[in-house]
Amino acid sequence: MSILSGRIQELIDRYAKIYMERTGRSRELFERARKVLPGGTTYQIRYFTPYPIYVTRASGVKVWDADGNEYVDYWMGHGTHILGHSPDFVVKAVNEAAYGGTHLGYPNTLEVEYAELLTKVIPNVEMVRFSNSGTEANMYAVRLARAYTGRRYVIKMEGGWHGGYDGLHVGVNPPFEGPESLGLPPEHIKYTLVVPFNDLDALEKALRGFDVAAVIMEPVLGSGGCIEPQPGYLKSVRELVDRYGALLIFDEVITGFRLALGGGQELFNVRADIVTLGKIVGGGYPGAGAIASRSEIMELLNQVKKPSARARSFHGGTFTGNRITLTAGYALISYLNHHRALYENFNNLWNWVRGEMDKACEEYGRICWVTGVGSMLGIHFTRNRPINARIAYIDRIDDGLYSLLHLYMRTRGILYMTEHTAHLLPSMIHTGDHARALMEEFKNLLSEVIRK
Ligand code: PLP
């Protein structure tokens, strides 16, 4: 054991004790939960050691756990709550709408209005279809790209998380090959190729070698480490994709309405052929997802023009376009559209925070790097600056540092996800004071690990 790992373990033990003293009720809930919910949770990424907190309430930037502890939340419903938890005007709009029917099950006026709004605020899209999640949006987008190009292969990035759809559930975690789950036959990922983010040579090789329908990627790698594209990378991806006759799908489930109102396309000025959305598009309510593209591609879903099911690409689902999600999403995106100036301050604040936190890493022996763009922040305890998920995962100094940071922050009233990868997705209502408190705690922890 190195001196550093000894120190990390000592600190983990110290903060685990403090955590357990503060969270007795959550510990009891975990004991009950593990009997009826596998792993005691509804989604494995929400678990942390020795047991997670169970949250009773959220409002604005804060959440409260079953023991009454208050936390500043930097996870924000998986990056959903860009204006904080439960903005008043959104909740009011939804409550009013609910009395007129929660799910109409017919074409409705709001889907027309919301689709029109989305085509105005997202660049390069003329038509929209709503789905129930980001996973679904990506599943249908891949199918649509295959239908349009008549090709089979899809290229994705190492570390790219597009949801649990079979065809994209590969290359998420090291070793970035083979099915990511039990029960996923290799045949289901036979037509999926995985290349490192920020690596044009690998991308070109894959495009040259196979009949590629689409490259699907996040403009900024999200759960793969909040890693920014290198200057010019996205433009070169666009050129390569065009050269080889494939489509470019931007998975903007995290980046959409976050990096800019028009997402990564707008911020980086790079055109995608298909954009998939989730999270923020649902205004904080469940059932958040959409596929958007130009008419020529979207018309492959048109049952009027293509009455035969075999002549079109399928998309649908019971709760698609439900009134609750559309009301919330429409209210939220309309607000952002009328307050576009918010993005400048939002991005400036978190670009500054990232710079300051990264400087702290430099001061403390470069045991970490802080990556990302705007309000997507990744903290990495790696030897080198991560430019892709391979470095983010394999070049780690010590996994214990991730657990320690998470645990320490929990005891200081700060939450983010996960304890294996440190990602922060602040909202527009986190203030400079919140940011300064976060930076202070981050530095405190570094100073405990590396005693100068
Ligand atoms: N795409 C990206 C970039 C995501 O981050 C996620 C979820 O975190 C998904 C797709 C899947 O979305 P959902 O969880 O809504 O199915």
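Just so you know, residue 1 is the first one in the sequence shown, and it goes up from there. For clarity, every value in this text was computed on a predicted model and none was experimentally measured.
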- Residues two or more places apart in sequence or in another chain: which of them pass side-chain contact (heavy atoms from CB on, under 4.5 Å) with Asn132? Glu136, Phe319, Thr320
- Message: Checking Asn69 against Asp65: is there a side-chain donor and acceptor pair closer than 3.5 Å?
- Response: yes
- Query: What closest approach, in Å, do Thr119 and Glu116 show between heavy atoms, and which atom pair accounts for it?
  - Reply: OG1-O, 2.7 Å
- Judged by atom type as modelled, is there a donor-acceptor pair below 3.5 Å linking the side chain of Thr192 to the main-chain atoms of Leu168? no
- side chain to side chain donor-acceptor pair (under 3.5 Å) filter on Thr327, not counting sequence neighbours, yields none
- For Tyr402, is the NZ or CZ atom of Arg396 found under 6.0 angstrom from the centre of its six-membered ring and inside 45 degrees of the ring axis? yes
- Hey, is Arg238 close enough to Asp242 for a salt bridge, meaning N to O under 4.0 Å? yes
- Testing Leu277, Val275, Ile297 for side-chain contact (heavy atoms from CB on, under 4.5 Å) with Val125, which one passes? Val275
- Note on the structure: Smallest heavy-atom separation, Ala328 atom then Gly282 atom, equals CB-O, 3.5 Å
- Message: Under a 3.5 Å cutoff, is there a donor and acceptor pairing between the side chains of Asn322 and His103?
- Response: no
- Query: Taking the six-membered ring for Trp, are Phe48 and His406 parallel (under 30°), tilted (30 to 60°) or perpendicular (over 60°)?
  - Reply: tilted
- Message: Going by ring-ring contact (aromatic ring centres under 6.0 Å, His included), name the residues that satisfy it together with Tyr51, two or more places apart in sequence or in a different chain.
- Response: Tyr19
- With sequence neighbours excluded, residues passing ring-ring contact (aromatic ring centres under 6.0 Å, His included) with Tyr165: none
- Message: Take a 6.0 Å sphere around CZ of Arg383 and say whether it holds more than 12 heavy atoms from other residues, nucleotides or ligands.
- Response: yes
- Give a yes or no answer on whether the side chain of Arg312 reaches the backbone of Asn302 with a donor-acceptor pair at less than 3.5 Å. no
- What about the rings of Phe210 and Tyr244, do their centers lie closer together than 6.0 Å? no
- Which residues satisfy the disulfide (SG to SG under 2.5 Å) test with Cys368, sequence neighbours excluded? Cys361
- Here the gap from Met139 atom CE to His169 atom NE2, rounded to the nearest 0.5 Å, amounts to 14.5 Å
- Using the test ring-ring contact (aromatic ring centres under 6.0 Å, His included), find all partners of His78 that sit at least two apart in sequence or belong to another chain. Tyr43, Trp75
- Hey, are Glu187 and Lys190 close enough for a salt bridge, meaning a charged N less than 4.0 Å from a carboxylate O? no
- Query: Between His423 and Tyr416, does a ring-ring contact (aromatic ring centres under 6.0 Å, His included) hold up when you go through it step by step?
  - Reply: CA-CA 6 Å; His423 296 157; Tyr416 64 85; 8.7 Å; no
- Query: Should Gln265 and Val270 count as side-chain neighbours, where that means a heavy-atom distance under 4.5 Å?
  - Reply: no
- Query: Can you check whether Tyr106's main-chain N or O pairs, donor with acceptor, with Asn108's side chain at less than 3.5 Å?
  - Reply: yes
- Nearest heavy-atom pair of Ala206 and Val212: which atoms, and what distance? O-CG2, 3.8 Å
- Measure the shortest side-chain to side-chain distance between Leu221 and Cys226 over non-hydrogen atoms and say whether it is less than 4.5 angstrom. no
- Message: Do Glu252 and Thr255 pair up side chain to side chain, a donor and an acceptor below 3.5 Å, judged on atom types alone?
- Response: yes
- Partners of Tyr191 by side-chain contact (heavy atoms from CB on, under 4.5 Å), sequence neighbours excluded? Arg146, Arg152, Tyr153
- Query: Can you name the side chain to side chain donor-acceptor pair (under 3.5 Å) partners of Glu111, sequence neighbours left out?
  - Reply: none
- Item | Heavy-atom side-chain contact between Tyr148 and Ile274 under 4.5 Å | no
- Would you say the side chain of Glu31 lies within less than 4.5 Å of the side chain of Arg34, judging by non-hydrogen atoms? yes
- Query: Where is the tightest heavy-atom contact between Leu405 and Ala422, given as atom of each residue plus distance?
  - Reply: CD2-CB, 4.3 Å
- Item | Pair Ser375, Arg258: side-chain N/O donor-acceptor within cut-off below 3.5 Å | yes
- Message: If only side-chain N and O atoms count, and only distance matters, is there a donor-acceptor pair under 3.5 Å linking Asn388 with Asn198?
- Response: no
- Charged N to carboxylate O under 4.0 angstrom, Glu158 versus Arg390? yes
- What pair of heavy atoms forms the shortest contact from Pro219 to Phe250, and how long is it? CG-CD2, 3.8 Å
- Query: If you measure from CG on Asn347 to CG on Leu259, what distance do you get to the nearest 0.5 Å?
  - Reply: 7.0 Å
- List for me each residue that meets side chain to side chain donor-acceptor pair (under 3.5 Å) alongside Glu70, sequence neighbours excluded, and say none if there are none. Lys62, Trp64
- Who are the ring-ring contact (aromatic ring centres under 6.0 Å, His included) partners of Tyr74, not counting sequence neighbours? Trp350, His430
- Item | His85 and Asp73: side chain donor to acceptor below 3.5 Å | yes
- Message: Any heavy-atom pair between the side chains of Met439 and Trp352 that's under 4.5 Å?
- Response: yes
- Task: For the residue pair Leu415 and Val72, establish whether any side-chain heavy-atom pair is separated by less than 4.5 Å.
- Result: no
- Query: Is there a donor-acceptor pair closer than 3.5 Å between any side-chain N or O of Thr421 and the backbone N or O of Gly225?
  - Reply: no
- Note on the structure: Sequence neighbours excluded, the answer for side-chain contact (heavy atoms from CB on, under 4.5 Å) partners of Met127 is Ser295, Met298, Glu299
- Message: Checking the side chain of Lys156 only, and the main-chain atoms of Gly171 only, is there a donor and an acceptor separated by less than 3.5 Å?
- Response: yes
- Smallest heavy-atom separation, Ala290 atom then Ala137 atom, equals O-CB, 3.5 Å
- Task: Please answer whether the main-chain N or O of Pro185 pairs with a side-chain N or O of His188 as donor and acceptor at a distance below 3.5 Å.
- Result: no
- Decide whether Thr371 and His380 meet the rule of one side-chain donor and one side-chain acceptor closer than 3.5 Å. yes
- Does a side chain donor of either Asn138 or Asp251 reach within less than 3.5 Å of an acceptor in the other side chain? yes
- Item | Check: Glu218 side chain, Gly222 main-chain N or O, donor-acceptor pair, under 3.5 Å | yes
- Message: So Ile155 and Ile216, do their side chains get closer than 4.5 Å, heavy atoms only?
- Response: no
- Is Glu180 close to Asn173 at the side-chain level, that is, under 4.5 Å between some pair of heavy atoms? yes
- Message: Between Thr49 and Glu419, do the side chains contain a donor N or O and an acceptor N or O under 3.5 Å apart?
- Response: yes
- Item | Any donor-acceptor pair under 3.5 Å from Ser293 side chain to Asp273 backbone | yes
- Candidate list Ile391, Ile379, Ile227, Thr382, test side-chain contact (heavy atoms from CB on, under 4.5 Å), partner Trp369, passing option: Thr382
- Look at the side chain of Thr325 and the backbone N and O of Pro286, then say whether any donor-acceptor pair between them is shorter than 3.5 Å. yes
- Short side-chain to backbone donor-acceptor contact, Lys305 and Leu300, under 3.5 Å: no
- side chain to side chain donor-acceptor pair (under 3.5 Å) against Arg57, all qualifying residues, sequence neighbours excluded: none
